[in-house]
Amino acid sequence: MMKKLTLRMVSIAPVGLLLTVLMLAAGCTRHHGDIGEFFGDWRLDRITADGEEMLLYPDTDESYPILYTWAFQSTVIRINSIYTHNRLLDCYGTWSESDGILELNFTYSDKEEGTEYLYTPPKILHLSPDGITRLNIERLADKKMIVSHVGEDGVKYTYYLTHPY
């Protein structure tokens, strides 16, 4: 009887192991597939305008955010403006990347009045007012992203982001 039980366990063990490996391989932490290095939340550390540092996070004024983040998932980008006391404003658009250009699209709208802010990025970011901004990817490696574009005002804006995870 002991030999029969041992033989059954030996033949079941590889099947159980195979099923476990398959289940783990089928699990997904990134919905709609892997989008590469862009995936997740990026902290906006600073912005420069023609090489000069812009005041992005004033220490003394609570009406300004204490942090901006850009979050990428699938083809959606969400820009968070995080304020003191856990206040949060979200802004949604889509993104795509091709040939070293990161295109942000904030041309969407909602039928409900008073929701414009959901599709309008913060003015301090100086993204294109027509809703489509094409950013040159200067660096995307080692959890650092540097992107830039020349605004309508002729100023080159450079964005320095860090992936904290």
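- Of the possible donor and acceptor atoms, one in the side chain of Y57 sits under 3.5 Å from a partner among the backbone N and O of Y68.
- Proximity of a side-chain donor or acceptor of H163 to a complementary backbone N or O of M145 within less than 3.5 Å is not detected.
- W42 and L67 fall within the same hydrophobic cluster, defined by Ile, Leu, Val, Met, Phe, Trp and Tyr side-chain heavy atoms under 4.5 Å apart, directly or through other members.
- Atom CD of E97 and atom CD1 of I137 lie 4.5 Å apart (nearest 0.5 Å).
- Taking hydrophobic clusters as Ile, Leu, Val, Met, Phe, Trp and Tyr residues chained together by side-chain heavy-atom distances below 4.5 Å, L102 shares a cluster with Y159.
- Atom CG of L127 and atom OH of Y157 lie 10.5 Å apart (nearest 0.5 Å).
- Taking the salt bridge (Lys or Arg N to Asp or Glu O under 4.0 Å) definition, one finds that R78 meets it with D41, sequence neighbours left out.
- In this structure, Y108 contributes its side chain and T94 its backbone to no donor-acceptor pair below 3.5 Å.
- Across all their heavy atoms, Y119 and C91 have their closest contact at C-SG, 3.9 Å.
- A side chain to side chain contact (heavy atoms under 4.5 Å, CB included) with L161 is found for exactly one of L140, I47, I146, V147, namely V147.
- Under a 3.5 Å cut-off, the side chain of D50 and the backbone N or O of K156 do form a donor-acceptor pair.
- Scanning both residues, E62 and T84, for their nearest heavy atoms gives OE1-OG1, 3.6 Å.
- W95 contributes a side-chain N or O that, together with a main-chain N or O of S74, makes up a donor-acceptor pair within less than 3.5 Å.
- The main-chain N or O of I82 is never found under 3.5 Å from a side-chain atom of N80 such that the two would form a donor-acceptor pair.
- Proximity of a side-chain donor or acceptor of D142 to a complementary backbone N or O of K144 within less than 3.5 Å is not detected.
- Between atom CD1 of residue I79 and atom CZ of residue F106 there is a gap of 3.5 Å, rounded to the nearest 0.5 Å.
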